[in-house]
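Keep in mind the model is a prediction, meaning the values are calculated, not measured. Proteins come first, then strands; the chains are lettered A, B, ... in the order of their sequence lines, and each starts at number 1.
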Protein chains: 2
Amino acid sequence: MSSVSIKDVAARAGVSPGTVSNVLNRPEKVATSTRSRVERAIRELGFVRHGSASSLRAGHSRTIGLSVIDIGNPFFTDVATGVEDVASERGYAVILGNSSGDRLKEERNLLVFAEQRVRGVLITPSDEDLSRIDRLKERGICVVFVDHPAARADQCSVAVNDVTGGAMAVTHLLEGGARRIAYVTGPTTIRQCLERRQGAERALLAAGRTPATALQEISMTAMTARHGQQAAEKLLAQGPLPDGVFCANDLLALGVLRGLMHAGVRVPADVALIGYDDIDFASASAVTLSSVRQPTHRLGQVATELLLDECDNPDTHAHQQIMFQPELVIRESTSST
Amino acid sequence: MSSVSIKDVAARAGVSPGTVSNVLNRPEKVATSTRSRVERAIRELGFVRHGSASSLRAGHSRTIGLSVIDIGNPFFTDVATGVEDVASERGYAVILGNSSGDRLKEERNLLVFAEQRVRGVLITPSDEDLSRIDRLKERGICVVFVDHPAARADQCSVAVNDVTGGAMAVTHLLEGGARRIAYVTGPTTIRQCLERRQGAERALLAAGRTPATALQEISMTAMTARHGQQAAEKLLAQGPLPDGVFCANDLLALGVLRGLMHAGVRVPADVALIGYDDIDFASASAVTLSSVRQPTHRLGQVATELLLDECDNPDTHAHQQIMFQPELVIRESTSST
DNA sequence: GGCGTTCAGTGAAGCGCTTCGACAGCTGAT
DNA sequence: ATCAGCTGTCGAAGCGCTTCACTGAACGCC
């Protein structure tokens, strides 16, 4: 059973193993008649190239590693499908690693990638210490950052501008007539949360407002719907309600929405509400949720293209730090009409 | 640069390459003092075992392939994390393949798996023609079905009982006092939709009702929130409202909820509503959604354990077709109190 | 002291593939 | 007739590892 090797194919086609390898890897070097003879033998024997042998000899594999923080998060899922699309189209396999934000797990994943001698790695780093990334590069493995702008010019990255996104959201609230705005966010150690807040402040300044007085921040320990509901309760308890609420992600926003509705607050009539990420469920809630959409799928595609370009053309490759722009999605929760 | 091989380690530790290999693979065969000397050399040189060379020689790799229908679906995402957990704990890498329900893409993924000589494959088959699965097994690659009960005894599988789930949901509606029940479903070609309906009918019969008159089916072309909302509009247009609605998934249910609320129908006071899958957002909606939860994460874990057992102990391994039971999750949308 | 036994470690063979220098056969220019 | 320049194919070397038959040394035991 099984294990048809290149030799068997060669014997059947009456050529040498080297020629079979040429058919596989540089078909243009082989005369048409020989080629079709070999191809027939391959089909007849059901030959499948042995990837390990191939990459052992060739010195590189046709796999890439993808290490993300949480594959359960729709954001990363979308990124992953983008990666998968491009990779599989180019004949690459994707090895998935989920770090759960755990430094140790991430390191273990990177080790697995190194053992598999992946061609390159796509990674959303789980923290700012990038020494382990350098170690990969010393090994000759290309690395592209995903959703993390590279600080260095010798490093590709793709990310989405969170400052712009925050500004868009708050500008939209202001244009809808909001005066006092609350920013419901997760842990302030998260870069995205911080930058979205910066954007919010920038929007207030641009509208001639003072962030210190016009913006109230509610920081929660996690970014789930449950925490959003708690945030709403906090808002309700704290005295006069803001008339616009910007949440650092949609889950928080859905929680806030639920909390406000339970208290009889009307959205958007009493309070306008906007989230971030535009997850599927933003358009499924009782009051559909305005949000800021990121080109997640494209993020994965472009990251993969950059990575494969860097691998295939190490000399001509120009490192790029690509920053995508988010997009405002207006729905019922901010449409006061 | 880089590329520290087993030979370099051997030279540094003053042993033969074979001994280094033993330290890596059968540490108990090596004297403690030698072992620690080798381990130090490994650390000092930053040696990383070459997976391709290893699996070429050993005849099998430490990777498994996971082919799912839609990694964007939270169901599969949860399964994937379960798989990843077990695999990475046992030192296996997971190669991800997304078929998007496309037969061709699935076949391409399986080819990639075969080239990588994965140890085994976990697959949610995208259709019922399983000949390509047999071809894999001829190659000596173990296969475990995920969310698809195997019809054959020589094949492992894990799945969740959809008939039971459907019955649970409808029994719950009946116990809450519902008399006329609507089943909002997706395309009737989907096995899950059919079986959940069978469960619904079984529950009605058990309660002494006639499915033909007590159950009204609304079949939509897709299972999204938008389609759910359309289903609600259909229900509203069709005359007397049912007093219980069972949806084949949560997205449909959220759409129905939204459609009913917009029309001023109170949930659960006027209509009780239950979904399926217990996605995160079920507990985040304006009226939290009762649902049927499946042990998705566990599904992935168990599937992987079965697979690795079959790989590691081909002789003693007993094929199993495991059927998990779903679990009822009661929330506001069915709590008439 | 000779003998079997166990324990540690050796080293060569070879997994299936790619690569590259060698070479045969041919064409067309000299 | 000779030769340079191709094109197409061959075949051996070797990628880094595991495996296994083997060698020595150490240790009782009669």
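Under the ring-ring contact (aromatic ring centres under 6.0 Å, His included) criterion, H60(A) pairs with no residue at all, not counting sequence neighbours. For T77(B), the side chain to side chain contact (heavy atoms under 4.5 Å, CB included) criterion is met by I71(A), T77(A), not counting sequence neighbours. Applying the side chain to side chain contact (heavy atoms under 4.5 Å, CB included) rule to N73(A) yields the partners D70(A), F75(A), F76(A); only residues at least two apart in sequence or on another chain are considered.
Taken residue by residue, residues 12-28 of chain B places heavy atoms nearer than 4.0 Å to DNA chain D at G18(B), S21(B), N25(B), R26(B). At a non-hydrogen distance threshold of 4.0 Å, L56(A), R57(A) from residues 54-64 of chain A come into contact with DNA chain D.
Atoms CD1 (I6(B)) and C1' (dT10(C)) sit 14 Å apart, rounded to a whole Å. dA8(C) atom C1' lies 13 Å from atom CZ of R35(B), rounded to whole Å.
Screening residues 48-65 of chain A for salt bridge (Lys or Arg N to Asp or Glu O under 4.0 Å) gives R49(A)-E115(B) as the qualifying pairs, with residues at least two apart or on separate chains. Counting only residues at least two apart or in different chains, ring pair (Phe, Tyr, Trp, His ring centres under 6.0 Å) contacts with residues 17-48 of chain B are absent. Counting only residues at least two apart or on different chains, the salt bridge (Lys or Arg N to Asp or Glu O under 4.0 Å) pairs with a member in residues 3-29 of chain B are R12(B)-E44(B).
Atom CG of L66(A) and atom CG of N98(A) lie 9.5 Å apart (nearest 0.5 Å).
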Which pairs would a plain distance check flag for residues 145-154 of chain A, meaning a side-chain donor or acceptor within less than 3.5 Å of a matching protein atom at least two apart in sequence or in another chain?
unit_1  : atom_1 : unit_2  : atom_2 : d
D147(A) : OD2    : Q192(A) : NE2    : 2.9
R152(A) : NE     : D154(A) : OD1    : 3.2
R152(A) : NH1    : D134(A) : OD1    : 3.2
R152(A) : NH2    : D134(A) : OD1    : 3.4

Could you list the donor-acceptor pairs under 3.5 angstrom formed between side-chain atoms of residues 298-308 of chain B and any protein atom two or more places apart in sequence or on another chain?
unit_1  : atom_1 : unit_2  : atom_2 : d
R298(B) : NH1    : Q301(B) : OE1    : 2.9
T304(B) : OG1    : G300(B) : O      : 2.7

Report, one line per pair, each donor and acceptor closer than 3.5 Å where one atom sits in a side chain of residues 88-95 of chain B; sequence neighbours left out.
unit_1 : atom_1 : unit_2  : atom_2 : d
S88(B) : OG     : R108(A) : NH2    : 3.4
Y92(B) : OH     : R119(B) : NH1    : 2.8

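Nucleotides of DNA chain D lying under 4.0 Å from heavy atoms of chain A occupy a range whose first and last members, 5' to 3', are dG8(D) to dG16(D).
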